[in-house]
Amino acid sequence: LGEVTTLPRLLQANARERGGRPAIREKDRGIWQTHTWREYHDHVRDFALGLAALGFRRGEALSVIGDNRPRLYWAQLAAQALGGVAVPVYQDSIARELSYVWGHAEATVIVAEDQEQVDKIISLRDQLPGLRYVIYDDPRGLTQVRFDWLKSFDEVEELGRKHGAQHPGLFEAEVDRGRPDDVAMICYTSGTTGNPKGAMLTHA
């Protein structure tokens, strides 16, 4: 696989060497939907470029909240591709815990599964001064909600495709800058005996 030292580089290698094979499956209304490694890579690339267009920078934190959905994984890898840190949180956490973790991790972007999760973020918005964007996966119930800082996953991918056309090679260059000792993810404890504690995990 060559020099595979970070998770985004592993994704690139998988897309190159087994691009047509299934990477991830999701059951939608009882029917399994399959995404190949090439599709996985292309979604990560487009979303990463969309994040870059929105000003996401190396070292910043992107959090995801919701059920295990392909797009929430794509978002985390997209952040890592830009040198950012993924911060997954429990979707059933109470507001106080979420506010603490997002503030402690200094999350600048949160990717939420659906309206239920977006509503939680809206209720905490004034406690999160560093939060710049909230991006949602499932648009049901959200099409009439208008905030400059609220965007759909599709919007960000489309923005990424335009940004990529204007900046060819940007995604690959950002992935190449990644190092095995870069922090890839911060996993927070459930916080049952006090404030949650963040464990920093590198790509290595």
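It should be emphasised that the depicted structure is a prediction, and the values quoted were computed from it without experimental measurement. Residue numbers run from 1 in the order of the sequence given.
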Kindly write out the residues that satisfy side-chain contact (heavy atoms from CB on, under 4.5 Å) with Ala165, not counting sequence neighbours, or none if the list is empty. none

Establish whether Val134 and Val85 are linked, either directly or via other cluster members, by ILVMFWY side-chain heavy-atom contacts under 4.5 Å. yes

For the pair Thr108 (side chain) and Arg132 (backbone), establish whether a donor and an acceptor sit closer than 3.5 Å, ignoring hydrogens and angles. no

Arg125: which residues meet the salt bridge (charged side-chain N to carboxylate O under 4.0 Å, His left out) condition with it, sequence neighbours left out? none

Counting N and O atoms only, with roles assigned by atom type, does the side chain of His203 sit under 3.5 Å from a partner on the main chain of Leu7, one being a donor and the other an acceptor? yes

Mind checking whether Phe147 and Ile122 have side chains closer than 4.5 Å, heavy atoms only? yes

With side-chain contact (heavy atoms from CB on, under 4.5 Å) as the criterion, how do Tyr40 and Leu77 come out once you've worked through the C-alpha distance, each side chain's angles and the decisive distance to 0.1 Å? CA-CA 10 Å; Tyr40 198 139; Leu77 265 164; 3.6 Å; yes

Assess the residue pair Leu11 and Trp37 against the criterion (side-chain contact (heavy atoms from CB on, under 4.5 Å)); give the C-alpha distance rounded to whole Å, side-chain angles, the decisive distance to 0.1 Å, and a yes or no. CA-CA 8 Å; Leu11 176 64; Trp37 281 111; 3.9 Å; yes

Would one find more than 12 heavy atoms of other residues, nucleotides or ligands at under 6.0 Å from atom CG of Asp148? no

Gln91-Asp67 side chain donor-acceptor pair, cut-off 3.5 Å: yes

Could you check if a side-chain atom of Val89 sits within less than 4.5 angstrom of a side-chain atom of Trp102, using non-hydrogen atoms only? yes

CD1-CZ distance between Ile24 and Arg69, expressed to the nearest 0.5 angstrom: 11.0 Å

When rounded to the nearest 0.5 angstrom, what distance separates OH in Tyr73 from NE2 in His35? 13.0 Å

Minimum side-chain heavy-atom gap Pro8-Val44 below 4.5 Å: no

Distance, nearest 0.5 Å, that separates CD of Glu174 from CZ of Phe56: 10.5 Å

Would you say the side-chain atoms of Thr5 pair up with the backbone N or O of Pro180, donor to acceptor, closer than 3.5 Å? no

Examine Ile186 and Leu82 and state if one hydrophobic cluster contains both, with Ile, Leu, Val, Met, Phe, Trp and Tyr joined whenever side-chain heavy atoms are less than 4.5 Å apart. no

Quick check: do Asp137 and Val111 have side-chain heavy atoms less than 4.5 Å from each other? no

Just so I know, are the side chains of Tyr188 and Glu97 near enough to count as touching, which here means a heavy-atom distance under 4.5 Å? no

Closest non-hydrogen atom pair, Pro88 against Met185: CD-CG, 3.9 Å

Same hydrophobic cluster for Val87 and Val109, using side-chain heavy-atom links shorter than 4.5 Å among ILVMFWY? no

Between atom CG of Leu131 and atom CH2 of Trp149, what is the distance when rounded to the nearest 0.5 Å? 7.0 Å

Taking only Lys NZ, Arg NE, NH1 and NH2, and the carboxylate oxygens of Asp or Glu, determine whether Asp42 and Arg45 approach each other closer than 4.0 Å. yes

Listed partners of Ala112 passing side-chain contact (heavy atoms from CB on, under 4.5 Å), at least two apart: Ile65, Gln117, Val118, Ile121

Check whether any side-chain N or O of Ser123 sits under 3.5 Å from a backbone N or O of Lys120 as a donor-acceptor pair, and report yes or no. yes

Quick one: do Asp138 and Arg71 make a salt bridge, cutoff under 4.0 Å? no

I need the minimum non-hydrogen distance between Ala107 and Ser63, along with the two atoms involved. CB-CB, 4.4 Å

Can you name the nearest heavy-atom pair linking Gln80 to Ala86, along with the distance? NE2-CB, 3.9 Å

Okay, side chain of His163, backbone of Leu159: is any donor-acceptor separation there less than 3.5 Å? no

Heavy-atom closest pair, residues Leu49 and Gly164: CD1-CA, 3.7 Å

Separation of Asp46 CG from Asp154 CG (nearest 0.5 Å): 11.0 Å

Quick one: CZ on Arg146 to CD on Gln144, what's the gap to the nearest 0.5 Å? 6.0 Å

State plainly whether one hydrophobic cluster holds both Leu62 and Ile135, where clusters connect Ile, Leu, Val, Met, Phe, Trp and Tyr through side-chain heavy atoms under 4.5 angstrom apart. yes

Test side-chain contact (heavy atoms from CB on, under 4.5 Å) on Gln115 and Arg140 and set out the steps. CA-CA 7 Å; Gln115 182 185 6; Arg140 283 175 293 190; over 6 Å; no

To check you understand the geometry: which heavy-atom pair defines the closest contact between Gly20 and Thr36, and what is its length? O-CG2, 3.5 Å

How are the rings of Phe153 and Phe47 set to each other: parallel, tilted or perpendicular (split at 30° and 60°)? parallel

Flag yes if more than 12 heavy atoms outside Glu106 fall under 6.0 Å of its CD atom; otherwise flag no. no

Hey, quick one: are Tyr100 and Leu124 part of the same hydrophobic cluster, counting side-chain heavy atoms closer than 4.5 Å, chains of contacts allowed? yes

Between Arg179 and Asp181, is there a side-chain N and carboxylate O pair less than 4.0 Å apart? no

May I ask you to check whether over 12 heavy atoms, not counting those of Arg58, lie within 6.0 Å of atom CZ? yes

Can we call the ring centroids of Phe171 and His41 under 6.0 Å apart? yes

